[in-house]
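What follows is one structure encoded as structure tokens, with my remarks underneath.
One-based numbering, in listed order, for ligands and for the atoms of each. All values reported here derive from a predicted model rather than from experimental measurement.
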Amino acid sequence: MNKSHIVLGITGGIAAYKAAELLRLLTKQGVSVQVAMTEAACHFITPTTMQGLSGKPVISSQWDARVPNSMAHINLSREADAIVIAPASADFIAKLAHGLADDLLSTLCLARDCPLLIAPAMNREMWQNPATRRNIAQLLADGIQVLGPDSGMQACGEEGAGRMLEPEQLAEHIVASFQPKLLPGARILITAGPTYEAIDAVRGITNRSSGKMGYAIARAALEMGAEVILVSGPTALTAPAGAQTTNVQSAAQMYEAVMHNVARSDIFIAVAAVADYHIAQPSEHKIKKSNAPLTLELIPNPDILADVATLPNPPYCVGFAAESENLVEYAEQKRQAKKLPLLVGNIAQQAIGSDDNELILFDDHGIHPLPRADKLTLARQLMQHIAQRYTAR
Ligand code: C5P
């Protein structure tokens, strides 16, 4: 990602003010950005703002004397890994659909030899207009990626589809589109989240796990071109688009869902915090409170990962170990005990529920620390490591 370079094209629309935040988020992730603006865009946000944030002069005219060969439309596109138009106005979309090239940005798009992504932003009637529908269908047929739009309250006070996606969502899509397709067609089975073991109709025992790490890994695997089967315990998260998700509650249900899918999986990543025990006889009805001590009989749950890793023909197995102390020692012990080619260790107090984490990878080649970062960045780094080890087997 560090070497990625994009042209961020801004066209005339009120959502142009959000392009500044998008630019900031992209540069934060190591993307270098050259901004190109239409004349209309300069009425909504100034080139000075965009120059300040990108550290590069903004290009907005075909006749810019600063470009020595007067070929900005060619130079800018050849240097870019992608062109992103955000916001893309209805007028600009119409131009793209028809191959018009009457200003710098449209000429640049026509002359490009790299992917083009657009984030439409317009009034809901403009978005629904048959002309715009035709134009969007044409862009999709031409292989242009259309990000959004979202629905909701519009600047004009109306409500409907046409809002530009939020800068955070756009930055995620853009960075995702750069991820190397290291695992095309590989089937990856992932467990995520906690499990919940019922005591009675309303109570249960569970582990603390938000599911964020497992869901981020599922996303990173999808970005790499893999097919993802996600078996998830109860979480508040939305499953990544494109994952085949099975929602479960108990460890027994998670076990069953994993075993159902394991034969067709190439890689198994067990991120779930599986409860170690279930209640011997959960009560169907709510147990009435009393002052007498209550004894619960706890029966050990099967170890899903250990059972998968010892199958006759197992997938490439990756385990997680959340420890509260002695991470290096306990994690390597766990890797040996469960017979895993790769184990990912993290410190429980730092990891649970947080958006950031810090990982240590243990495999036959030694120890590989992944320094503190947000969980999606770590998931991408981990998936690159897994892809390397898996393909080199
Ligand atoms: O709980 P423990 O520290 O042993 O978990 C280590 C790894 O084993 C994790 O990857 C976890 O998902 C997996 N595991 C499992 N089934 C269990 C317990 C743990 O798959 N019953």
Side-chain angles (χ1 to χ4, degrees), residues 188-198 204-218 220-221 228-235 237 245-262 265 267-280 298-311 314-353 357 359-363 370 375 378-379 382-383 385-386 389-390:
I188 308 191
L189 177 60
I190 299 170
T191 64
T195 63
Y196 177 86
E197 311 295 334
I205 53 174
T206 187
N207 283 335
R208 281 184 62 204
S209 166
S210 63
K212 285 178 186 167
M213 194 68 227
Y215 278 54
I217 290 171
V228 171
I229 306 161
L230 177 63
V231 179
S232 175
T235 74
L237 305 174
T245 307
T246 303
N247 292 306
V248 297
Q249 296 275 323
S250 65
Q253 290 168 349
M254 186 172 276
Y255 189 93
E256 200 185 309
V258 167
M259 291 307 168
H260 180 72
N261 287 293
V262 76
S265 302
I267 298 174
F268 175 47
I269 312 177
V271 196
V274 184
D276 292 319
Y277 302 91
H278 64 273
I279 313 298
L298 299 177
I299 312 279
N301 279 328
D303 192 311
I304 307 170
L305 177 59
D307 283 5
V308 169
T310 48
L311 284 172
Y316 182 84
C317 284
V318 181
F320 264 71
E323 303 292 347
S324 58
E325 56 177 354
N326 299 337
L327 176 62
V328 172
E329 187 189 334
Y330 290 164
E332 187 55 32
Q333 275 171 14
K334 202 163 277 185
R335 186 173 89 87
Q336 304 288 341
K338 299 203 190 199
K339 299 190 169 43
L340 304 174
L342 176 60
L343 186 120
V344 184
N346 55 181
I347 296 286
Q349 304 89 305
Q350 291 177 4
I352 294 171
N357 202 358
L359 303 178
I360 306 183
L361 316 189
F362 301 81
D363 65 15
L370 298 182
K375 286 183 175 174
L378 287 172
L382 170 63
M383 282 313 304
H385 188 91
I386 291 173
R389 293 283 182 262
Y390 170 72

Under 4.0 Å between heavy atoms, the region of P302 that gets near ligand 1 turns out to be backbone
Would you say A273 and ligand 1 have an N/O pair spaced under 3.5 Å apart? no
With a 3.5 Å distance limit and no angle check, can you tell me whether N346 reaches the backbone of A321 through a side-chain donor-acceptor pair? yes
For N301, is the nearest heavy atom under 4.0 Å from an atom of ligand 1? no
Any N/O pair L305/ligand 1 closer than 3.5 Å: yes
Locate the shortest heavy-atom distance separating K338 from A309; write the atom from each residue and the value. O-CB, 3.4 Å
Side chains of S265 and I229: does their closest heavy-atom pair fall under 4.5 Å? yes
Please confirm whether K338 comes under 4.0 Å of ligand 1, counting heavy atoms of the residue only. yes
Is there a polar contact, in the sense of an N or O pair closer than 3.5 Å, between A270 and ligand 1? yes
Please determine whether any non-hydrogen atom of A321 lies less than 4.0 Å from an atom of ligand 1. no
Exercise: identify the closest heavy-atom pair between D363 and P341: CB-O, 3.1 Å
Return yes if some donor-acceptor pair links the side-chain N/O of T191 with the main-chain N/O of V271 below 3.5 Å, else return no. yes
How far is atom 1 (O) of ligand 1 from its nearest protein heavy atom, and which residue and atom name does that atom have? D276 OD1, 4.1 Å
Mark yes or no for whether T195, through its side chain, and A275, through its backbone, hold a donor-acceptor pair below 3.5 Å. yes
May I ask you to test the Q336-E332 pair for a side-chain heavy-atom distance under 4.5 Å? yes
Does any N or O in the side chain of Y196 come within less than 3.5 Å of the main-chain N or O of G204, such that one atom is a donor and the other an acceptor? yes
Quick one: look up the protein heavy atom nearest atom 6 (C) of ligand 1 and list residue, atom name and how far away it is. F320 O, 2.9 Å
Identity and separation of the nearest protein heavy atom to atom 3 (O) of ligand 1: K334 NZ, 2.3 Å
Numbering as shown, the atoms of ligand 1 that approach G319 to under 4.0 Å (heavy-atom distance): 10 (O)
Considering non-hydrogen atoms of the protein only, which is the closest contact for atom 18 (C) of ligand 1, and what is the distance? V274 CB, 3.7 Å
Test your reading of the model: is there a side-chain donor-acceptor pair from N207 to the backbone of A273, 3.5 Å cut-off? yes
For ligand 1, find out whether one of its N or O atoms is nearer than 3.5 Å to an N or O atom of I304. yes
Just jot down the ligand 1 atoms closer than 4.0 angstrom to any heavy atom of A272, in number order. 11 (C), 12 (O)
